[in-house]
*Asks:* 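Next up is a structure, given as structure tokens.
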Amino acid sequence: MVDRNPYIAHLKAGYLFPEIAKRRREFASSHPGAKIISLGVGNTTEPILPHINSGLTDGARKLGTVEGYSGYQDEGLAELRKKISDVFYRGKFDIDEVFISDGAKCDIGRLQVLFGSGASIAVQDPSYPVYVDGSVLTGAAGGWKGTGYAGITYLPCTSDNNFFPDLEPIAHNSIIYFCSPNNPTGAVSDRGQLSALVKTAINKGCVIIFDAAYSEFIRDSALPKTIYEIDGADTCAIEVNSFSKPAGFTGVRLGWSVVPKAIKYSTGESVNADWSRIAGTIFNGASNIAQAGGLAALDDEGIKEIKALTDFYLGNAKLIRDALVKKGVSCIGGENSPYIWAHFPGRDSWEVFSEILEKCHVVTTPGAGFGPAGQSFIRFSAFGRRADVEEACVRLGEKL
Ligand SMILES: *Cc1c(COP(=O)(O)O)cnc(C)c1O
């Protein structure tokens, strides 16, 4: 028999979302007839809007013609890479610094190959699970020690620090995962905060992997939509982003990573050159159909549709936030972000999760599932049909 990759055993049992699904099933079977509404997962619900959708269907049709046919495009269609650089980064990056992916999560998993099992890791606590679990699989996280992994520096983000961490504990030469607008807290870092982050990375020889998957939800023009709005970020930061949330591509699968040529390893070698190599070695590119959809999404018409779709989810976020605030629950997020992070001081977050499920028949996500500092918080997601969100808000108002 073959040996199991020992790092798989280091993954913590009961991954968050399967555990939530299990509790929901148990509740449903003991309460037949209850209409359960989910404000739990970060999965999109609204149809892809017409112009972007026509990009997808035209892309598929073209593949059936000699003139329109295309095969492998390892690092992505040049036209899409150029358009991403122009639309999101004012043309700051060459097309060979923009890599098209099948999604941000997939790239976050693959990017770890660049740094290997010896890397030191720092994450915001709480955080999106793949930063930690991906580091466990490469071996960089080390073993489980009480409340966290030995090789990971957890940077608590709490109401005491306005959900922006103290950067002091970050070790020299680490990989720093940073997400803004943040999943799960909904906090959006401002220019001063991101400048401090970049300065720390430069001073300590770190690389930031900046997850900007929710950048299109930012409405306050003073808030940076990309880490590259900060001077020096192009020497120390890789940015991952995605069409999943802004264009409804969660099932289509399309994202990108920016790996600037200015980022070097300790040996002086180019991180960009290695990423290009890896893209051709263990990834053969995103779907050409999805990329045709991505091109349409970045037309003037597509950008309007992204604005309309994100406005819709932000409208849901406002309803949820208002309903909670009316009940006296203190929360952050829900503005410039589709997540609301609600505080139930002194309570266990799984216990609050169960209470909301039992009283309101609403599924949420317990904050503790995103890291130790998530204890006593609940994440509400604004991804849902409007009628469901409205009904959930009525129930929260009447029954919580
Ligand atoms: C949803 C999400 C993503 C997007 O992942 P895809 O693989 O592109 O669908 C990335 N980062 C965070 C924090 C997310 O919540």
Side-chain angles (χ1 to χ4, degrees), residues 15-17 20 38-46 48 52 76 80 84 88 98-112 123-135 155 157 163 175-189 208-218 225-227 237-258 279 283 285-287 290-291 293-294 297-298 306 309-310 313-314 316-317 333-334 336-341 364-365 367 369-371 374 379-384:
Y15 178 71
L16 183 59
F17 291 102
I20 291 169
S38 176
L39 301 179
V41 293
N43 202 356
T44 49
T45 54
E46 301 309 298
I48 294 172
I52 299 176
L80 181 59
I84 286 172
F88 293 97
V98 180
F99 296 80
I100 309 300
S101 70
D102 53 348
K105 189 196 249 181
C106 321
D107 256 8
I108 291 161
R110 285 187 293 257
L111 277 161
Q112 315 213 358
V123 296
Q124 286 159 295
D125 172 22
S127 73
Y128 185 54
V130 66
Y131 313 143
V132 169
D133 289 346
S135 306
L155 307 169
C157 297
F163 301 92
I175 305 303
I176 307 167
Y177 288 95
F178 203 92
C179 179
S180 176
N182 190 268
N183 179 5
T185 68
V188 189
S189 301
I208 301 164
I209 298 182
F210 189 79
D211 186 339
Y214 296 98
S215 62
E216 290 306 298
F217 290 84
I218 293 177
K225 289 175 82 174
T226 155
I227 191 72
I238 292 171
E239 181 164 297
V240 293
N241 208 325
S242 170
F243 289 88
S244 283
K245 310 305 173 9
F249 275 25
T250 41
V252 174
R253 312 303 307 142
L254 189 68
W256 70 92
S257 294
V258 178
F283 177 59
S287 149
Q291 293 188 73
L298 300 184
I306 286 177
L309 191 64
T310 48
Y313 290 125
L314 286 167
N316 283 350
N336 304 296
S337 147
Y339 296 113
I340 297 100
W341 191 238
T364 57
T365 311
F370 296 102
R379 189 192 74 172
F380 288 83
S381 160
F383 294 106

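Just so it is clear, the structure is predicted and the values come from calculations on it, not from any experiment. Atoms within each ligand, like the ligands themselves, are counted from 1 in listed order. Count residues from 1 along the sequence.
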*Asks:* Quick one: which ligand 1 atoms are inside 4.0 Å of a heavy atom on Lys245?
*Replies:* 1 (C), 2 (C), 3 (C), 4 (C), 14 (C), 15 (O)

*Asks:* Which residue, Thr185, Ile340, Asn183, forms the side-chain contact (heavy atoms from CB on, under 4.5 Å) with Arg379?
*Replies:*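 Answer to the side-chain contact (heavy atoms from CB on, under 4.5 Å) test with Arg379 among Thr185, Ile340, Asn183: Asn183.
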
*Asks:* I want to know if ligand 1 touches Ser244 in the polar sense, i.e. an N/O pair below 3.5 angstrom.
*Replies:* yes

*Asks:* Does the pair Leu298 and Phe88 meet the rule for a side chain to side chain contact (heavy atoms under 4.5 Å, CB included), with working shown?
*Replies:* CA-CA 10 Å; Leu298 300 184; Phe88 293 97; 3.6 Å; yes

*Asks:* Check whether any N or O atom of Asp211, backbone or side chain, sits under 3.5 Å from an N or O atom of ligand 1, and answer yes or no.
*Replies:* yes

*Asks:* Against heavy atoms of Arg253, which atoms of ligand 1 measure under 4.0 Å?
*Replies:* 6 (P), 7 (O), 9 (O)

*Asks:* What residue and heavy atom of the protein are closest to atom 5 (O) of ligand 1, and at what distance?
*Replies:*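 Sorting protein heavy atoms by distance from atom 5 (O) of ligand 1 puts Lys105 N, 3.5 Å first.
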
*Asks:* Name the option, out of Ala213, Ser242, Pro181, that contains the heavy atom nearest to atom 10 (C) of ligand 1.
*Replies:*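 It is Ala213 that holds the nearest heavy atom.
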
*Asks:* Show, in sequence, the C-alpha distance, side-chain angles and deciding distance for Val188 and Phe217, and conclude whether the side chain to side chain contact (heavy atoms under 4.5 Å, CB included) test is met.
*Replies:* CA-CA 10 Å; Val188 189; Phe217 290 84; over 6 Å; no

*Asks:* What do you reckon, does Ala104 have a nitrogen or oxygen under 3.5 Å from a nitrogen or oxygen of ligand 1?
*Replies:* yes

*Asks:* Give the residue and atom name of whichever protein heavy atom lies nearest to atom 15 (O) of ligand 1, and the separation in Å to one decimal.
*Replies:* Tyr214 OH, 2.5 Å

*Asks:* Can you tell which part of Phe243 has a heavy atom less than 4.0 Å from ligand 1: side chain, backbone, both or neither?
*Replies:* neither

*Asks:* With Tyr214 as reference, evaluate Ser244, Pro338, Ser337 under the side-chain contact (heavy atoms from CB on, under 4.5 Å) test and give the passing residue.
*Replies:* Pro338

*Asks:* Go through the side-chain N and O atoms of Thr250 and Thr44 and say whether any donor and acceptor fall under 3.5 Å apart.
*Replies:*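 A donor-acceptor contact under 3.5 Å links the two side chains.
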
*Asks:* Would you sort out whether Asp211 and Tyr128 count as a side chain to side chain contact (heavy atoms under 4.5 Å, CB included), showing the intermediate values?
*Replies:* CA-CA 10 Å; Asp211 186 339; Tyr128 185 54; 4.1 Å; yes

*Asks:* Once you measure the plane-to-plane angle for Phe17 and Phe370, does it fall in the parallel (<30°), tilted (30-60°) or perpendicular (>60°) bin?
*Replies:* perpendicular

*Asks:* Would you say Asn183 has any N or O atom under 3.5 Å from an N or O of ligand 1, going by distance alone?
*Replies:* yes

*Asks:* Can you list the steps and then say if Ile20 with Val41 is a side chain to side chain contact (heavy atoms under 4.5 Å, CB included)?
*Replies:* CA-CA 9 Å; Ile20 291 169; Val41 293; over 6 Å; no

*Asks:* Looking only at N/O atoms, are Thr250 and ligand 1 under 3.5 Å apart anywhere?
*Replies:*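 There is no such contact.
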
*Asks:* For Lys105, does the NZ atom have more than 12 heavy-atom neighbours from other residues, nucleotides or ligands under 6.0 Å away?
*Replies:* no

*Asks:* Does ligand 1 have an atom under 4.0 Å from some heavy atom of Phe249?
*Replies:* no

*Asks:* For ligand 1, which atoms sit closer than 4.0 Å to a heavy atom of Cys179?
*Replies:* 13 (C)

